[in-house]
Q: 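To start, I am sharing the structure in question, which I have written as C-alpha cells.
Note that this is a predicted model, so its numbers are computed, not measured.
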Amino acid sequence: MAIKTNAQQGDRPMPDPGHIFIHHSEAVWEHRDTYGPPGFRGVFANHYAALCAAFAAIGGMIFGYDQGVVSVVLVMPQFLTRFTRISDTASGAGFWKGLLTAMIELGALIGALNQGWIADKISRKYSIVVAVTIFTVGSVLQTASISYAMLVIARLIGGIGIGMLSMVAPLYISEISPPEIRGALLVLEELSIVTGIVVAFWITYGTRYMAGEWAWRLPFLLQLVPGFVLGIGILFLPFSPRWLVSKGRDAEALHALAKLRQLPTTDSRIQQEWFDIRAEVAFHRETSALRHPELQDRRVISRVKLEIVSWTDCFKRGCWRRTHTAVGIMMLQQFVGINALIYYSPTLFKTMGLDYSLQLIMSGVLNVTQLVGVITSLWTMDRFGRRPLLLWGSFFMTVSHVIIAILVGKFSNDWPGHRAAGWISVAFLLFYMLSFGASWGPVPWAIPSEIFPSSLRAKGVALATCSNWLNNFIIGLITPPLVINTGFGAYTFFAVFCLLSLIWTFYFVPETRGRTLEAMDHVFKDIVSEQEEARRMAIESEIIGSADSMVRQEGEVS
C-alpha cells in the first residue's frame, strides 16, 4: 500500500467525534495519515522531535564515556601508582580490580531499578535532572579520589546516575517520537553510547602520555561536561505527552504533542494520536482498577501498595510476554559477547599475537567499527524493522565467533608462525563488531521502551535496564577466567549464545516497526477477547465525544 504522507503544516479538520479509530498491529502507514515518510528521511520532516531525542541521548554518551575511560585508565602507570592495590604486583589485585569495575554495574543496577518509580512520579524530564545530579557527585569524587575506598564509593555513586540515565533516556525518546521514525531516534541512544566509548578511549589514549595524576584525573573530570549540558538543557524540552496524560493533564499533553510535531492542535493527526494516548491510559487504568479494586481509595498506604503490586503486574497476563521480551533481549545483548570484547579487547588481541602497541590501537579501531555499524541502523531500523536486524545480526555474529574460535584453537600456540591466521581472526572480530553495531547494539535499547503499556512502561524499561546491568556484571566476572583458562573456549561460549539469540528472536520477538506505542496490545495479542476490544473502543469513543468542545476551544486559542 502506498504511504500516505501529508504536508507538515496547515490546519486540518478535527476528526468526527463519532468516529472510532480502529487499532491495528500493522504499521501506521498501512491505515492512517502519517507525520512524514518512515525511516531516516522522516527525521528531517520531524526535526524538532529529532532534536529533543538527540539531546536526551546525551545520557547514553555519559554511560559510554565511562566505559571507555575505565578500559585504558586501569592499565595506566600513573593510576596504578596512586592505587597500588590493583597493580599487577599487589596481592589479590584481580579481586580489587574486579570490585572497582563492578561498582559501576552495581550502582547502575540500583539506579535503573529506582528510576522506574521516580520517572513515573516526577516526570521523565525531571528524573533526568536527578540522575545528572547524582552522576555529577560521583564524577567529582572520582576526579578527587585519593584512596581506593574513596574511588570505589565514587564509582558506586556515579554508577547510580548512569543507571538512571540509561533507563530514562530511551524511555523519554520513545514517548516523544512519531511512530514512523521512532526506531531511528532510539538508535541515537546506542549511537551516543558508542560515541562516548570511542571519544573516551582516544582521550585516555592521549592523556596516558601526561606526567602525573592528571593523566587519569582529567578524563574523569571531562565527563562532567556532557552531564552539565544535559542537566541544564533538558529543562527546556517539553514533557512527555504520555506522562502528562497519565497524570490527568490532558490539555498540556495536547500542546506538548503539537509542539513536538510542529503542528496546530487541531491537525487530525495530532488529534488522533492524542485520543489514542488517552484511550490507552484509560483502558489500562481501568484494567488495573479491576485487578486491584481494594487499592483504589487513594489513601497513602493504598498508593504505596499499588506502586508495589504494579511491579508484579509486569509478570501477569497482559504484560508478561513483553517483560520476557524486554528482559531477554537485554540479557542476550550481553551474552553475545560485546562488553567482554570492549573490556578485555587488549587481552583478546594478545591471544591473537598482536604486540602491546597494536593491542591498544586495535581496541580503538574495534570501537570505531562498532560505531560505523550503529550509524547504519539509523537508516535500517525503520527501513527493514527490528526482527530482521536481530536475526541477521545473530547469524553473522555466530559465524564470526565460530571462525575465530577455530583459528585461535588451532594457531594460538604459534601466532608468529601463522601471522595470516592471526589477522584473519582480527578481521572477523571487526566484522563481529560491525554486525553487532548494526543489530544487537541499538535494537535491544529500542524495543523495551516501545512495548510496554503506559501504566507500566517506566517499570518495564527499568526491569529491562536492570537485566542489562546485571548480565553486564556477570559477563565481567566470567570473561577473564574464560579467556585465561580456555583460550578459544571464550569464543565458543559466545558463539553458542549468538545462535541461541537467533532462535529466541525467531520465536519470541514481534515486529514493532512503525507501530504506535498504543498499538502494542495488538502486536503482542494482549487484547484477547471481543469484550476487551469493545471496551477499549467504547473508552475511545467516549473520549472523542467529550473532547470535541474542548478541542474546538483549543483550536480557537491556537
Q: Does the plane of the ring in F220 sit parallel, tilted or perpendicular to the ring in W216? Use 30° and 60° as the thresholds.
A: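 Rings of F220 and W216: perpendicular, as their planes differ by over 60°.
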Q: Evaluate the side chain to side chain contact (heavy atoms under 4.5 Å, CB included) criterion for residues V225 and F228: first the C-alpha distance (whole Å), next the side-chain angles of each, then the deciding distance (0.1 Å), finally the verdict.
A: CA-CA 5 Å; V225 176; F228 278 131; 6.0 Å; no
Q: Under 30°, 30 to 60°, or over 60°: which ring-plane class applies to F335 and F493, parallel, tilted or perpendicular?
A: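 The arrangement is tilted - the two ring planes meet at 30° to 60°.
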Q: On a heavy-atom basis, which atom in A462 and which in A112 lie closest, and how many Å separate them?
A: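 Nearest heavy atoms, A462 then A112: CB-O, 3.3 Å.
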Q: When rounded to the nearest 0.5 angstrom, what is the spacing between CG in L80 and CG in L74?
A: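 L80 atom CG to L74 atom CG measures 8.0 Å (nearest 0.5 Å).
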Q: Please walk me through it: do R124 and S240 pass side-chain hydrogen bond (donor to acceptor under 3.5 Å, both in side chains)?
A: CA-CA 7 Å; R124 285 50 166 144; S240 160; 4.7 Å; no
Q: Picking from L106, I162, I474, what satisfies side-chain contact (heavy atoms from CB on, under 4.5 Å) with W469?
A: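 The option that passes is I162.
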Q: Cut-off 3.5 Å, side chains only: do E450 and S174 have a donor facing an acceptor?
A: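 No.
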Q: Please answer whether the main-chain N or O of I338 pairs with a side-chain N or O of Y432 as donor and acceptor at a distance below 3.5 Å.
A: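 At least one qualifying donor-acceptor pair exists.
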Q: So how far is it from Q115 CD to L165 CG, rounded to the nearest 0.5 Å?
A: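 One finds 7.5 Å between CD of Q115 and CG of L165.
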Q: State yes or no: are the ring centers of H255 and W274 separated by less than 6.0 Å?
A: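 No, they do not, as the ring centres are separated by 6.0 Å or more.
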Q: After noting the C-alpha distance and the side-chain angles of R155 and D66, does the key distance pass the salt bridge (charged side-chain N to carboxylate O under 4.0 Å, His left out) rule?
A: CA-CA 10 Å; R155 296 282 293 168; D66 188 86; 3.0 Å; yes
Q: Can you name the closest pair of heavy atoms from G460 and C314 and give their distance?
A: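 In terms of heavy atoms, the two residues are closest at N-SG, 4.3 Å.
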Q: Between K459 and D120, is there a side-chain heavy-atom distance shorter than 4.5 Å?
A: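 Yes - at least one pair of side-chain heavy atoms lies under 4.5 Å apart.
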Q: Just how far is it from atom NZ of K259 to atom CG of L237, taken to the nearest 0.5 Å?
A: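 Spacing of NZ (K259) from CG (L237) equals 8.0 Å.
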Q: Less than 4.5 Å apart, any side-chain heavy atom of C319 and any of P453?
A: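 In contact.
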Q: Which pair of heavy atoms, one from I134 and one from G161, lies closest together, and at what distance?
A: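 The answer is CG2-N, 3.8 Å.
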Q: Under 30°, 30 to 60°, or over 60°: which ring-plane class applies to F508 and W504, parallel, tilted or perpendicular?
A: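 The rings of F508 and W504 sit tilted, inter-plane angle from 30° to 60°.
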Q: Apply the test side-chain hydrogen bond (donor to acceptor under 3.5 Å, both in side chains) to residues S394 and W440: give CA-CA distance (whole Å), side-chain angles for both, the deciding distance (0.1 Å), then the verdict.
A: CA-CA 8 Å; S394 294; W440 279 87; 2.8 Å; yes
Q: Taking NZ, NE, NH1 and NH2 as the nitrogens, is one of them in D382 or R182 under 4.0 Å from a carboxylate oxygen of the other?
A: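 Answer for the salt bridge query: no.
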Q: Where do S192 and F63 land on the side chain to side chain contact (heavy atoms under 4.5 Å, CB included) test, with the steps shown first?
A: CA-CA 9 Å; S192 292; F63 163 29; over 6 Å; no
Q: Can you check whether F497 reaches L332 side chain to side chain, under 4.5 Å on heavy atoms?
A: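 When only atoms from C-beta onward are counted, L332 and F497 do touch, with a gap below 4.5 Å.
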Q: Shortest non-hydrogen contact from I197 to G64?
A: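 Heavy atoms of I197 and G64 come nearest at CG1-O, 3.2 Å.
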Q: Backbone N or O of R285 within a donor-acceptor pair of the S455 side chain at under 3.5 Å?
A: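 Between the backbone of R285 and the side chain of S455 there is no qualifying donor-acceptor contact (under 3.5 Å).
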Q: With a sphere of 6.0 Å drawn around NZ of K121, does it hold more than 12 non-hydrogen atoms of other residues, nucleotides or ligands?
A: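 Count not over threshold, so no.
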Q: Side-chain contact, heavy-atom cut-off 4.5 Å: R82 with I146?
A: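 They are in side-chain contact.
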Q: Under a 3.5 Å distance rule, please check whether Q78 uses its side chain to pair with a backbone N or O of R208 as donor and acceptor.
A: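 Checking the backbone N and O of R208 against the side chain of Q78, a donor-acceptor pair under 3.5 Å is found.
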Q: For a quick check under 3.5 Å, do W445 and S166 share a side-chain donor-acceptor pair by atom type?
A: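 There is no such pair between these side chains.
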Q: Side-chain contact test, heavy atoms from C-beta onward, threshold under 4.5 Å: evaluate it for D521 versus H284 and give yes or no.
A: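 Counting from C-beta outward, D521 and H284 do come under 4.5 Å.
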Q: Answer yes or no: is there a side-chain heavy-atom contact under 4.5 Å between P238 and I176?
A: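 Counting from C-beta outward, P238 and I176 never come under 4.5 Å.
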Q: Look up atom CD in E105 and atom CD1 in I110, then write down how far apart they are to the nearest 0.5 Å.
A: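 Here the interatomic distance stands at 12.0 Å.
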Q: Check whether any side-chain heavy atom of Y65 sits under 4.5 Å from a side-chain heavy atom of P219, and report yes or no.
A: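 Side-chain contact under 4.5 Å: yes.
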Q: For atom CH2 of W311, decide whether the heavy atoms of other residues, nucleotides or ligands shown that lie under 6.0 angstrom number more than 12.
A: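 Yes, the 6.0 Å shell around CH2 holds more than 12 heavy atoms from other groups.
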Q: Heavy atoms only: give me the nearest T143-L221 pair and the separation to one decimal.
A: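 Scanning both residues, the minimum pair turns out to be OG1-N, 3.4 Å.
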Q: What's the separation between atom CG in L390 and atom OG in S501, rounded to the nearest 0.5 Å?
A: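 Answer for the CG-OG pair, L390 versus S501, is 8.0 Å.
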Q: Search all heavy atoms of G227 against all heavy atoms of I62 and return the closest pair with its distance.
A: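 Answer, listing the atom of G227 first, then I62: CA-CD1, 3.7 Å.
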Q: Looking at Q370 and L434, would you say the former's side chain and the latter's main chain have a donor-acceptor pair under 3.5 Å?
A: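 Checking the backbone N and O of L434 against the side chain of Q370, no donor-acceptor pair under 3.5 Å is found.
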Q: Is there a donor-acceptor pair closer than 3.5 Å between any side-chain N or O of Q334 and the backbone N or O of M330?
A: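 No, the answer is negative, given that no donor and acceptor are paired below the 3.5 Å cut-off.
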Q: Would one find more than 12 heavy atoms of other residues, nucleotides or ligands at under 6.0 Å from atom NZ of K305?
A: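 No.
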Q: Do E280 and L517 touch side chain to side chain, with heavy atoms closer than 4.5 Å?
A: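 Of all side-chain heavy-atom pairs linking L517 with E280, none is under 4.5 Å.
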Q: Could you check whether R249 makes a cation-pi contact with F239, meaning its NZ or CZ is under 6.0 Å from the centre of the six-membered ring and within 45° of the ring axis?
A: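 Yes, R249 sits over the ring of F239.
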Q: Would you give the length of the straight line joining atom CD1 of I153 to atom CD of Q142, rounded to the nearest 0.5 angstrom?
A: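 Interatomic distance, I153 CD1 to Q142 CD, rounded to 0.5 Å: 12.0 Å.
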Q: Side chain of E190, backbone of V374: donor and acceptor closer than 3.5 Å?
A: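 The answer is no, because no donor-acceptor pair under 3.5 Å joins these two groups.
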Q: Taking R242 as the fixed residue, which of E252, E175, E273 is the one that meets the salt bridge (Lys or Arg N to Asp or Glu O under 4.0 Å) rule?
A: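 For R242, the salt bridge (Lys or Arg N to Asp or Glu O under 4.0 Å) check succeeds only for E273.
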Q: Under the side chain to side chain contact (heavy atoms under 4.5 Å, CB included) rule, what do R261 and L257 come out as? Steps first, then yes or no, please.
A: CA-CA 6 Å; R261 305 293 179 258; L257 199 59; 3.9 Å; yes
Q: Go through the steps to decide whether I277 and T516 satisfy the test side chain to side chain contact (heavy atoms under 4.5 Å, CB included), and finish with yes or no.
A: CA-CA 10 Å; I277 294 169; T516 66; over 6 Å; no
Q: Do we get R322 above W320's six-membered ring, with its NZ or CZ under 6.0 Å from the centre and within 45° of the axis?
A: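 Here R322 fails the 6.0 Å and 45° test against W320.
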Q: Using atom types as modelled and distance alone, determine if a side-chain donor or acceptor of S302 lies under 3.5 Å from a backbone N or O of R298.
A: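 No, S302 side chain to R298 backbone: no donor-acceptor pair under 3.5 Å.
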Q: May I ask you to decide if M381's main-chain N or O and R386's side chain share a donor-acceptor pair within less than 3.5 Å?
A: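 Side chain of R386 to backbone of M381, a donor-acceptor pair under 3.5 Å: yes, one is there.
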Q: Please check: side-chain N/O of S467 versus main-chain N/O of L463, any donor-acceptor pairing under 3.5 Å?
A: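 No, the answer is negative, given that no donor and acceptor are paired below the 3.5 Å cut-off.
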Q: Would you say Y172's side chain and A53's backbone share a donor-acceptor pair under 3.5 angstrom?
A: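 It does not hold such a pair.
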